[in-house]
> 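The structure that follows is given in the form of structure tokens.
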Amino acid sequence: MAERKPRVTDWRLVVQSRLDRVRADLAALGPSDPVDPEGDVWRRTAEEQAAVVEAMLSDREPWWRMVPSWWSGWYIERAWRALHEAEVATISAERGFLGRLPGLRARVAQYLDDDDPRRRALEALRPGEFAPAVERAIVVDALRAAYDNSDFAHAGSRALRNKLIAASLVLFVINTVLGVVGIVKPGIIPLCVDPKENALPTVCPGGTAKASGVDVWLVQVLGSFGAVLAAVVLLLRRRPSLSPYVMIGYQALIKIMLGAALAVVGILALGAGVTSGLIGIPSAAALLLWAVIFGYAQQIGTRLLDKYTDEVLDQARPLPTRTARGWRLDERLGTGRRSGQPRLRCGGGGGFGRVGPGRDRQPGR
């Protein structure tokens with residue numbers, strides 16, 4: 001067994017815990033049964049896959065490969081897929097695996113639709129109805145289908161995370177270019193307001209009547225502050241999650257970058273007289289206040305992104321289940337899924353919560 005090295009990441013903590021359970025279940029199987037050679041094959045498969053998980057947890061990649069592997073999710077996805085196969089193989093290696101049937105049905109029901117033939121076959125399975133090989137095949141097919149949906153779901157979460165990062169980088173470049181242009185050529189981006197119809201003096205963000213090199217940066221900073229307020233609201237309403245791909249930081253970054261850009265656009269609109277006769281800007285303080293408001297206004301558009309992200313992440317963690325008395329919440333996270341709620345189908349995969357063999361539900365996978 002490879003020596004484990006401490007790594008401060010939530011997904012490794014959950015995978016290690018689940019791997020320990022797999023190894024405990026394998027140890028509890030006892031000696032090989034000559035009457036059940038297929039069980040020995042599954043036992044060897046479980047040990048091989050557990051070794052792969054160990055390697056993913058303990059491997060120290062070169063520094064030049066850290067960013068590509070983080071972007072592609074290689075270690076996370078490889079570890080989870082190998083762990084799932086190890087769990088399936090461990091259950092299949094047991095002679096009395098049908099004793100886990102109630103838990104297996106509940107697990108598969110979380111991840112497969114009601115009309116899925118593999119789920120229906122598992123729910124209709126009765127111990128002793130078929131030969132052991134047939135019963136094992138029904139269980140394996142249903143579990144693999146459930147875990148496949150979970151793996152594809154997390155691939156979809158990773159794809160969304162990468163899109164958020166790419167969009168944030170583009171917005172960062174745009175904001176930086178605008179700020180540099182404002183410094184090099186003050187006034188080329190006209191952020192001063194000259195409300196002649198209201199008999200008010202010309203007002204610039206820097207507090208003078210003439211454009212300065214700090215105008216663009218000042219508007220962007222105040223717009224970012226307004227976006228931070230919206231990000232705080234997002235943080236307060238977001239439920240905790242141990243999903244390997246946590247989106248809230250990237251969502252906040254999108255809001256901040258977009259808030260800075262929209263603040264510049266909004267002040268440009270005020271300077272162009274779009275609100276003539278409606279809004280008077282008597283001072284630089286009022287102009288900067290509008291920069292904050294425009295920065296917060298990005299919430300109108302990014303709330304759609306927040307909603308979509310919630311839908312993707314709701315597939316990557318346990319959600320509330322509807323009972324006769326109301327909502328039944330997951331004891332650990334206070335989350336769950338409404339009974340009968342359709343699962344989100346993600347283009348690159350979606351995400352589901354996960355469970356270990358015969359154990360309580362684990363958050364995130």
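Along the sequence shown, the residues carry numbers beginning at 1. FYI, side chains are in, hydrogens and waters are out, and symmetry mates aren't considered; it's all heavy atoms of this structure.
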> Pick from I91, D20, T90: which one makes a side chain to side chain contact (heavy atoms under 4.5 Å, CB included) with D25?
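By the side chain to side chain contact (heavy atoms under 4.5 Å, CB included) criterion, D25 pairs with just one of I91, D20, T90: T90.
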> If hydrophobic clusters are built from ILVMFWY residues whose side chains come within less than 4.5 Å, do V193 and I188 share one?
yes
> Nearest 0.5 angstrom please: D310 CG to M247 CE, how far?
11.0 Å
> Judged by modelled atom types alone, do E85 and Y147 share a side-chain donor-acceptor pair under 3.5 Å?
no
> Do F294 and L268 come within less than 4.5 Å of each other through their side chains, counting heavy atoms only?
no
> Less than 4.5 Å apart, side chain to side chain, heavy atoms only: is that true for L57 and V15?
yes
> Do the side chains of V219 and L287 get nearer than 4.5 Å, heavy atoms only?
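A side-chain contact is absent here, since even the closest heavy-atom pair is not under 4.5 Å.
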> Using 0.5 Å steps for rounding, measure from the CZ atom of F225 to the OH atom of Y296.
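Going from the CZ atom of F225 to the OH atom of Y296 covers 12.0 Å.
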> Looking at R119 and D114, is any side-chain nitrogen of the basic one under 4.0 Å from a carboxylate oxygen of the acidic one?
yes
> Would a hydrophobic clustering, with Ile, Leu, Val, Met, Phe, Trp and Tyr connected at side-chain separations under 4.5 Å, put W290 with V214?
no
> Can you tell me if W42 uses its side chain to pair, donor with acceptor, with the backbone of A89 under 3.5 Å?
no
> Is it true that a side-chain atom of D116 and a backbone atom of R118 form a donor plus acceptor pair closer than 3.5 Å?
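A pair under 3.5 Å: yes.
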> Determine whether a donor-acceptor pair (N or O, by modelled atom type, separation under 3.5 Å) exists between the side chain of D215 and the backbone of L191.
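Checked: no pair found.
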> Using the rule given for side chain to side chain contact (heavy atoms under 4.5 Å, CB included), can you reason through V292 versus L288, listing the C-alpha separation, both sets of side-chain angles and the distance that settles it, and then say yes or no?
CA-CA 6 Å; V292 175; L288 295 178; 5.9 Å; no
> Determine the interplanar angle of the W80 and H154 rings, folded into 0 to 90°, and report it as parallel if under 30°, tilted if 30 to 60°, perpendicular if over 60°.
parallel
> Do the non-hydrogen side-chain atoms of L101 and L122 ever get within less than 4.5 Å of each other?
yes
> Should Q49 and L83 count as side-chain neighbours, where that means a heavy-atom distance under 4.5 Å?
no
> Search all heavy atoms of L218 against all heavy atoms of P205 and return the closest pair with its distance.
CD2-O, 3.1 Å
> Distance-only criterion, 3.5 Å: show the donor-acceptor pairs between side-chain atoms of residues 162-173 and protein atoms not counting sequence neighbours.
{"residue": "N162", "atom": "ND2", "partner": "W71", "partner atom": "O", "Å": "3.0"}
{"residue": "S168", "atom": "OG", "partner": "L164", "partner atom": "O", "Å": "2.8"}

> Give a yes or no on whether L236 atom CG has more than 12 heavy-atom contacts from other residues, nucleotides or ligands under 6.0 Å away.
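More than 12 heavy atoms, drawn from other residues, nucleotides or ligands, come within 6.0 Å of this atom.
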> Pair E311, K307 - check side chain to side chain contact (heavy atoms under 4.5 Å, CB included), show working.
CA-CA 6 Å; E311 290 176 348; K307 181 179 179 181; 3.9 Å; yes
> Counting only pairs under 3.5 Å, give me each side-chain donor-acceptor contact of residues 252-264, with atom names and distances, residues two or more places apart or in other chains.
{"residue": "K255", "atom": "NZ", "partner": "Q299", "partner atom": "OE1", "Å": "2.6"}
{"residue": "K255", "atom": "NZ", "partner": "T302", "partner atom": "OG1", "Å": "2.9"}
{"residue": "K255", "atom": "NZ", "partner": "D306", "partner atom": "OD2", "Å": "2.8"}

> Determine whether K210 and C204 make a side-chain contact, defined as any pair of heavy atoms from C-beta on separated by less than 4.5 Å.
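With C-beta onward as the side chain, the pair stays apart.
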> Apply the side chain to side chain donor-acceptor pair (under 3.5 Å) test between E94 and each candidate in R136, R43, R100; give the one that qualifies.
R100
> Report the C-alpha separation of E47 and R23 in whole Å, then their side-chain angles, then the decisive distance to 0.1 Å, and conclude whether the side chain to side chain contact (heavy atoms under 4.5 Å, CB included) test is met.
CA-CA 8 Å; E47 292 172 348; R23 294 207 177 277; 5.6 Å; no
> Under a single-linkage definition using a 4.5 Å side-chain heavy-atom cutoff for Ile, Leu, Val, Met, Phe, Trp and Tyr, are V181 and I267 assigned to the same hydrophobic cluster?
yes
> Can you get from L270 to V265 by hopping between Ile, Leu, Val, Met, Phe, Trp and Tyr side chains that sit under 4.5 Å apart?
no
> Taking C-beta and beyond as the side chain, do D148 and Y111 meet within less than 4.5 Å on heavy atoms?
no
> When rounded to the nearest 0.5 angstrom, what is the spacing between CD in E135 and CG in L98?
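If we round to the nearest 0.5 Å, E135:CD and L98:CG are 4.5 Å apart.
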> Would you say S92's side chain and V88's backbone share a donor-acceptor pair under 3.5 angstrom?
yes
> Between D151 and H84, is a side chain to side chain contact (heavy atoms under 4.5 Å, CB included) present by the stated rule, with each step listed?
CA-CA 9 Å; D151 292 330; H84 291 157; 3.1 Å; yes
> Just verifying a value: how many Å separate L222 CG and W217 CH2, rounded to the nearest 0.5 Å?
14.0 Å
> Same hydrophobic cluster for V228 and V221, using side-chain heavy-atom links shorter than 4.5 Å among ILVMFWY?
no
> To the nearest 0.5 Å, how far apart are CD1 in I300 and CD in Q298?
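Atom-to-atom, I300:CD1 and Q298:CD are 9.0 Å apart.
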> Just wondering, are more than 12 heavy atoms of other shown residues or ligands nearer than 6.0 Å to CZ in R105?
yes
> Taking the side chain as every heavy atom from C-beta outward, state whether R107 and L104 have any pair of such atoms under 4.5 Å apart.
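Yes; the side chains approach each other to less than 4.5 Å.
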> Roughly how far, to the nearest 0.5 Å, is CD1 of I293 from CG of L229?
11.0 Å
